[in-house]
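Just so you know, ligand 1 is whichever comes first in the structure, and atom 1 is the first atom listed for that ligand.
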Amino acid sequence: MTALPARRLLLVHAHPDDESINNGATMAKYAAEGAHVTLVTCTLGEEGEVIPPALAHLAADRDDALGPHRIGELAAAMDALGVEDHRFLGGPGRYRDSGMMGAPQNDRPDCFWQADLDEAAGHLVAVVREIRPQVLVAYDTHGGYGHPDHIQAHRVAMRAVGLAADADFRPELGEPHDIAKVYWNCVPRSAVEEGFARLRAAGRDSLFPGVATVDDIPGVVPDSDVTAFIDGTAYAGAKAAAMRAHATQIAVDGPFFALSNDLGQPMFVHEHYRLAKGEAGADREDDLFAGVAA
Ligand SMILES: CC(=O)N[C@H]1[C@@H](O[C@@H]2[C@H](O)[C@H](O)[C@@H](O)[C@H](O)[C@H]2O)O[C@H](CO)[C@@H](O)[C@@H]1O
Ligand SMILES: [Zn+2]
């Protein structure tokens, strides 16, 4: 087996599209710099709404073919970001999209929200012990905005961090590995307010009939909570292309976008992180691998 690059980053997301929205610039940056970037997506996004009318037939209550379609969207997004290692937790379709919190789909026995935590974390432990990343990126305890699959992805990721390092847990999955740094996605309030100010100023050109609010943005935190800041300027084009690849979920209009709710919101080129495990650098970090031995 070819030796992996010295720097290895693992990201865990709930649906195809979350990775590009939250971490597209970060993934493109580290892939371009030669780090090994691994994305694990927990569901195929089978319960998503569909933006393009021509693809409406894919929806769960029609052909129920959105999941396989979003596999293709994710592959195109990874091409745009230069990321070659992307996997589905337990294999494609192992855990079904649970729908928004409170939806009847939350009760389907095959959905991610109903998954056994240690069984799901076991699939991720296998990836952690194979790739042996120094850095893991996941959602915060609320999953950013309270979607059940996002909350479950947080729980599975954090459970896997502990189990992967435990020599007594399923030794057949490989040698124990302790991930040095765990970050949670976040957005500082100042960046959200600046982004909406930009969007309002461009309002007449915006494609979108409505505008989102600060409360619609996942993971807004006080600026003082931010540990790491990744300047995505050089990768803004790659991030926008990756978000466009998720055409059933995201409509991109220059530096803005909307989900299927048609509410315009700013595309954040700079991406921010809150350290949940490990030692922070001396001041605000501009490198997720800061202080980690290669
Ligand atoms: C970004 C994200 O997590 N998208 C999820 C989410 O999609 C939202 C959902 O369909 C909601 O009803 C819409 O109003 C909103 O515009 C969508 O972004 O939930 C979907 C179902 O679980 C999921 O497939 C999608 O990836
Ligand atoms: Zn999602």
Give me the nearest non-hydrogen protein atom to [atom] as residue plus atom name, then the distance to 0.1 Å.
atom                    : answer
atom 1 (C) of ligand 1  : Asp18 OD1, 3.4 Å
atom 23 (C) of ligand 1 : Asp97 OD2, 3.4 Å
atom 5 (C) of ligand 1  : Tyr145 OH, 3.7 Å
atom 8 (C) of ligand 1  : Met100 SD, 4.1 Å

Only one of Leu39, Thr26, Leu11 passes side chain to side chain contact (heavy atoms under 4.5 Å, CB included) with Glu19; say which it is. Leu39
Ignoring hydrogens and angles, tell me if any N or O in the side chain of Glu73 forms a donor-acceptor pair with the backbone of Arg244 under 3.5 Å. no
Do any nitrogen or oxygen atoms of [X] lie less than 3.5 angstrom from nitrogen or oxygen atoms of ligand 1?
X      : answer
Ile21  : no
Ser98  : no
His147 : yes

Side chain to side chain contact (heavy atoms under 4.5 Å, CB included) for Val156 and Leu117? Distances and angles first, verdict last. CA-CA 6 Å; Val156 168; Leu117 181 61; 3.7 Å; yes
Salt-bridge contact [X]-[Y] (side-chain N to carboxylate O under 4.0 Å):
X      : Y      : result
Asp85  : Arg87  : yes
Glu271 : Lys239 : yes
Arg94  : Asp110 : no
Arg159 : Asp118 : yes
Glu46  : Arg70  : no

Are the side chains of Val40 and His13 in contact, using a 4.5 Å heavy-atom criterion? no
Is there an N/O/S atom in Asp18 at a distance below 2.8 Å from the Zn ion (ligand 2)? yes
Examine His147 and say whether one of its N/O/S atoms is closer to the Zn ion (ligand 2) than 2.8 Å. no
Tell me whether His150 reaches ligand 1 (any heavy atom closer than 4.0 angstrom to a ligand atom). yes
Non-hydrogen atoms of Glu46 versus ligand 1: any pair closer than 4.0 Å? no
Which of the atoms of ligand 1 are close to [X], meaning less than 4.0 Å from one of its heavy atoms?
X      : value
Ser260 : 13 (C), 15 (C), 16 (O), 17 (C)
Gly45  : 24 (O)
Glu49  : 10 (O), 12 (O), 13 (C), 14 (O)

Which atom name would you report as the N, O or S atom of His15 nearest the Zn ion (ligand 2)? ND1
Could you check whether His15 and His147 have their ring centres less than 6.0 Å apart? yes
Among Glu47, Gln249, Arg70, which residue places a heavy atom closest to atom 26 (O) of ligand 1? Arg70
